[in-house]
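Data block below; observations after.
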Amino acid sequence: MANTESPSSRNSAVDCATLPSLVSSFIDTFVDFSVSGGLFLPPDLDPDPVSSPLQTVFAQPRRLIAIGDLHGDLPKAKKALRLADLIGPDDRWAGGSATVVQVGDIFDRGGDEIKLLYFFEKLKREAAKAGGLVITLNGNHEIMNVDGDFRYVTPEGLREFEKWAVWQCVGNSMKKMCDGMDENVVFKDLFDGVPDEFPRINKEFQNGARARFAALRPNGLIANRFLSKNQTVVVVGDSVFAHGGLLQKHILYGLDRVNEEVRDWIRGVKEKVANQLVRGRNSIVWLRSFSHELAKDCDCSMLEHVLETIPGVKRMIMGHTIQSDGINAICGNRAIRVDVGMSKLCGDKFPEVLEINEHSELRVLTSNPLYFKGYEASSRASKNDGLGSLIPEERPRQVEVNA
């Protein structure tokens, strides 16, 4: 009697030996779509972005936009990007050859953290194809989460990571059903080495906390895929960017070295990273020496010495410390502070961004309806003044663009 048993009934696994990469790619796209809020990531022009060296110094672009802390608020991030015409109504890159620097703190205090990571990854790829550039920096909240410090996490943020873990496990199970699948695209146990319980987190959110730890610990899936692409400091034209700021010791340490060592720690290649870089009040991501709201509390002399050690740099641009009166400058426009507290759970202020043109002229773009609407406001300022009387006690001249 002929054997009528089908191959699939004899073996529950599917033979994917001839097309494992295609199946794996499909599953990854399915999972990405499910956890990102419905995004399809375009192809990455860099074949191995995680291993490619991080670039620290970039030429002056025709248009440079600085965006402050976003703290888990995707709608406000999109409003900030639209202020500068960087995305269109379809949320796709519309900034052409512009360069964008987001100064860190995508994490904590909001529930769209993973969605923000995916959205900026999408913009990075779209911008690269159009000749533009999107740079994301590490802030203190990125570092805290890689360290497993969840003090500023919200319930919404934990739920988002719990959902992410469910979809990762679904995708992983689908891959395991496929014979011939590359073992490098399948993980054995997402929660291997993850604590069973996190103190100070309610029982109902423990699964979310475990998922968050698994994702963001050094060499975690999200840490490796997204955060390892972040710089900690960049120089773009005549501006240097850091989340909290830079001291001379950081410059002497070497900016390229800073980026590589922080990245190696995030990837799990390096067991530790120097505290002076990412921990403590005088580290790059925690410093507030140049961001106190009152100008008299800022050390302009120290700033001058720091900037003198970076060839060609005129100013330092930083986030980290909320400026209640919006984007402003001190120390003769040598320190520009761009954290305006725009995220819903961290001030819920009107989005603002800083724009620098190819002639190194600066202006603030705001959605605040209280300020003058029209380009005449910025054109009346003396070119020698840059942002003019941009000190914390005075509101800068504004250009408003409806979000």
Side-chain angles (χ1 to χ4, degrees), residues 28-44 46 49-50 54 67-78 80-81 86-87 91-93 100-128 133-148 150 152-154 156-168 171 190 208 211-232 243 262-263 266-268 285 319 342-346:
D28 288 340
T29 299
F30 165 70
V31 172
D32 285 346
F33 182 86
S34 302
V35 301
S36 66
L39 297 182
F40 287 108
L41 294 179
D44 196 333
D46 188 338
V50 174
L54 285 174
I67 300 175
D69 305 29
L70 296 173
H71 285 301
D73 193 331
L74 180 59
K76 284 291 185 70
K78 291 180 179 180
L81 290 160
L86 294 171
I87 60 173
D91 290 342
R92 294 184 179 180
W93 177 258
V100 178
V101 180
Q102 195 282 319
V103 299
D105 276 10
I106 278 178
F107 281 135
D108 290 337
R109 296 191 169 109
D112 297 330
E113 297 159 292
I114 293 175
K115 293 182 182 68
L116 275 168
L117 290 175
Y118 272 94
F119 190 73
F120 272 93
E121 179 64 23
K122 180 181 80 75
L123 290 185
K124 287 179 181 183
R125 300 183 186 189
E126 291 172 346
L133 178 64
V134 176
I135 299 168
T136 50
L137 299 186
N138 289 312
N140 59 307
H141 286 267
E142 279 72 45
I143 300 302
M144 290 171 70
N145 277 270
V146 176
D147 265 336
F150 300 156
Y152 299 98
V153 172
T154 64
E156 294 79 12
L158 292 173
R159 290 191 192 100
E160 188 185 34
F161 274 85
E162 183 176 7
K163 175 184 175 183
W164 169 86
V166 169
W167 281 111
Q168 292 300 320
L190 181 64
R212 192 179 185 99
F213 186 93
L216 298 177
R217 59 182 167 176
N219 199 33
L221 292 183
I222 287 183
N224 212 24
R225 184 178 183 187
F226 296 108
L227 301 187
S228 68
K229 299 178 184 178
N230 286 358
Q231 286 97 329
T232 302
H243 181 70
V262 175
R263 181 197 210 187
I266 289 173
R267 292 182 61 200
V285 298
M342 72 175 85
S343 62
K344 185 175 182 179
L345 296 180
C346 198

Query raised in the report: Which pair of non-hydrogen atoms, one from G104 and one from E142, has the smallest distance, and what is that distance?
Result: C-OE1, 3.8 Å
**Report entry** Inter-residue atom distance N224.CG - R267.CZ, 0.5 Å rounding
**Finding:** 6.0 Å
Query raised in the report: Between L190 and A165, what is the shortest heavy-atom contact and its length?
Result: CD2-CB, 4.0 Å
**Report entry** Between CG on residue L216 and CD1 on residue I222, distance to nearest 0.5 Å
**Finding:** 5.5 Å
Report task. Report yes or no: does E160 contribute a side-chain atom to a donor-acceptor pair with the main-chain N or O of I114 at less than 3.5 Å? Result -> yes
Query raised in the report: Taking the six-membered ring for Trp, are H71 and H141 parallel (under 30°), tilted (30 to 60°) or perpendicular (over 60°)?
Result: perpendicular
Requested in this report: To the nearest 0.5 angstrom, please state how far the CG atom of D32 sits from the CH2 atom of W164.
Outcome: 11.0 Å
Report task. I would like to know whether L117 and L227 meet side-chain contact (heavy atoms from CB on, under 4.5 Å); could you show each step before the answer? Result -> CA-CA 9 Å; L117 290 175; L227 301 187; 4.1 Å; yes
Query raised in the report: Between the main-chain N or O of F161 and the side-chain N or O of R212, is there a donor-acceptor pair closer than 3.5 Å?
Result: no
Report task. Compute the ring centroids of F226 and Y118, then answer whether they are less than 6.0 Å apart. Result -> yes
Query raised in the report: Is there a donor-acceptor pair under 3.5 Å between the side chain of K115 and the backbone N or O of G37?
Result: no
Report task. Show the numbers, then the answer: is there a side-chain contact (heavy atoms from CB on, under 4.5 Å) between W167 and F30? Result -> CA-CA 9 Å; W167 281 111; F30 165 70; 3.3 Å; yes
Query raised in the report: Which of these passes side-chain contact (heavy atoms from CB on, under 4.5 Å) with V101: L137, L133, V134, I67?
Result: L137
Requested in this report: Provide the closest heavy-atom pair for F107 versus N145 in the form atom of the first, atom of the second, distance.
Outcome: CB-ND2, 3.8 Å
Query raised in the report: Hey, does L81 have a side-chain heavy atom less than 4.5 Å from the side chain of L123?
Result: yes
Query raised in the report: Where the side chain of D112 meets the backbone of L74, is there a donor-acceptor pair that is under 3.5 Å apart?
Result: yes
Query raised in the report: Looking at CG of L70 and CD of E113, how far apart are the two atoms once the value is rounded to the nearest 0.5 Å?
Result: 11.5 Å
Query - Presence of salt bridge, R225 and D28, under 4.0 angstrom - result: no
Report task. Kindly indicate whether the side chain of D73, heavy atoms from C-beta on, has any atom under 4.5 Å from the side chain of M342. Result -> no
Report task. For the pair F33 and L39, evaluate side-chain contact (heavy atoms from CB on, under 4.5 Å) and give the outcome as yes or no after the intermediate values. Result -> CA-CA 5 Å; F33 182 86; L39 297 182; 6.0 Å; no
Report task. Identify the two heavy atoms, one from G208 and one from E162, that lie closest to each other, and give their separation to 0.1 Å. Result -> CA-CB, 3.8 Å
**Report entry** Value rounded to 0.5 Å, distance of CG in L54 from OG in S228
**Finding:** 7.5 Å
Query raised in the report: Out of curiosity, D105 CG to M144 CE, how far, rounded to the nearest 0.5 Å?
Result: 9.0 Å
Report summary line: For G111 and T154, the nearest pair of non-hydrogen atoms, with its separation, is N-OG1, 4.2 Å
Query raised in the report: Considering the options K124, E121, Q102, which one meets the side chain to side chain donor-acceptor pair (under 3.5 Å) requirement together with T136?
Result: K124
Report task. Indicate yes or no: at least one non-hydrogen side-chain atom of I266 is less than 4.5 angstrom from one of N138. Result -> yes
Query raised in the report: Do NZ/NE/NH1/NH2 and the carboxylate oxygens of E156 and K344 come within less than 4.0 Å?
Result: no
Requested in this report: For side-chain contact (heavy atoms from CB on, under 4.5 Å), just list the numbers for N140 and H243, CA-CA rounded to whole Å, side-chain angles, deciding distance to a tenth of an Å, and then say yes or no.
Outcome: CA-CA 8 Å; N140 59 307; H243 181 70; 3.0 Å; yes
Requested in this report: Measure across D91 and K122 and return the closest heavy-atom pair with its distance rounded to 0.1 Å.
Outcome: O-NZ, 2.8 Å
